[in-house]
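Written below as structure tokens is the structure these notes are about.
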Amino acid sequence: MIDMKMIGKIVATLCGCLLLGMLTGCKTTIAEFGFDGSVSGTLKDAGGQIVSGDVTSNSLIIRLLGENDLVTTDIRVNGDGTYRNTKLFPQKYKMWVVGPVSWTGDTVRVDFASEKTVVKDFQVTPFLRVAAPTVVGTPSASEVNVAYEITAADGQAVAIGELYCSTNPYPTTTTGSGPFFDTRKITLTGNTGDITVTGLAAKTKYFIRVAAQASGTSMFNFSDQVVITTP
């Protein structure tokens, strides 16, 4: 989204220097517009485990609203549970979590005018806790056996469960196959169990991940990934 407040500040600065240059021969190079506020952190559950996101979608985001802004700045949570933005304007913001999680904390308030670098972790409860898959036995050149587990929070139920095995890191339900990578998606029939992924290529690195969607939602909760290399 275009921040009209920021654009206005840039235009005012440029016009001011242009006018000054016309009057005094100013040759100042403008290289600093003040958009250097940095915020980062990690999402974890009550047990200290990361809550994984999807950098390709807005399924899990940290949302910021500046004190005079009309639209929010949304930061997507990465597959490893981290988030980061290093180009925030020096003003006061409210921060909160949006996605298939419960969050009982108060809205966080930060002021990048007085503190340029902020590190803020959030503790949340996913609608569905999706454990990182576990490799069972030793992968062969063409297949791997994987154990998975999905646990629903109170009041939630599993509607869809999927496992992804891809040569692309942190695969999701929309990660397909192409000339440079291959993805296999398997629909899971229970909340726990073992599944065998077949048709793999020898001597190839694969990233394996599980996702689940709670009833009544359109967003997925994700596990962390496990990495294997076929012999």
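For D74 (side chain) and R63 (main-chain N/O), no donor-acceptor pair under 3.5 Å exists by modelled atom type. Judged by distance alone, the side chain of Q225 and the main-chain N or O of Y170 form a donor-acceptor pair under 3.5 Å. Side chain of T230 to backbone of K203: a donor-acceptor contact under 3.5 angstrom is found. Side-chain atoms of T167 come within 3.5 Å of backbone N or O of D182 as a donor-acceptor pair. In this structure, S38 contributes its side chain and T86 its backbone to no donor-acceptor pair below 3.5 Å. The backbone N or O of G48 sits less than 3.5 Å from a side-chain atom of D45, completing a donor-acceptor pair. Checked by atom type and distance alone, the side chain of R184 pairs as donor or acceptor with a backbone atom of G199 at under 3.5 Å.
Separating the OG atom in S223 from the CD1 atom in I208 is a distance of 10.0 Å, to the nearest 0.5 Å. Remark: I160 CD1 to S218 OG distance equals 10.0 Å, nearest 0.5 Å. Remark: D54 CG to R209 CZ distance equals 6.0 Å, nearest 0.5 Å. Rounding to the nearest 0.5 Å places CD1 of I61 at 9.0 Å from CE of M219. Distance check, rounded to the nearest 0.5 Å: NZ of K92 to CG of D69 gives 14.0 Å. Atom CD of E162 and atom NZ of K185 lie 4.5 Å apart (nearest 0.5 Å).
For the side chain to side chain contact (heavy atoms under 4.5 Å, CB included) test, residues two or more places apart in sequence or in another chain that qualify with S142 are S140. For D194, the salt bridge (charged side-chain N to carboxylate O under 4.0 Å, His left out) criterion is met by no residue, not counting sequence neighbours. Scanning for salt bridge (charged side-chain N to carboxylate O under 4.0 Å, His left out) contacts around K116 gives D36, with sequence neighbours left out. Applying the side chain to side chain contact (heavy atoms under 4.5 Å, CB included) test to A157 and every residue at least two apart in sequence or in another chain returns S215.
Hydrophobic clustering places V51 together with V39 (ILVMFWY residues linked when any side-chain heavy atoms are closer than 4.5 Å, directly or through intermediates). Follow the hydrophobic side-chain contacts under 4.5 Å out from V98 and you reach V110 in the same cluster.
Listed by first and then second residue, the ring-ring contact (aromatic ring centres under 6.0 Å, His included) pairs involving residues 102-124 are Y93-F112, W103-F122 (not counting sequence neighbours). Annotation: side-chain hydrogen bond (donor to acceptor under 3.5 Å, both in side chains) contacts involving residues 144-158, sequence neighbours excluded, comprise N145-T196.
Between the side chains of N58 and R76, a donor-acceptor pair is found at a separation under 3.5 Å. For the residue pair S166/N168, the side-chain donor-acceptor check at 3.5 Å is not satisfied.
Side-chain contact between V130 and F222: absent, with no pair of heavy atoms (C-beta onward) separated by less than 4.5 Å.
A salt bridge does not link R109 to D111: none of the charged side-chain nitrogens sits closer than 4.0 Å to a carboxylate oxygen.
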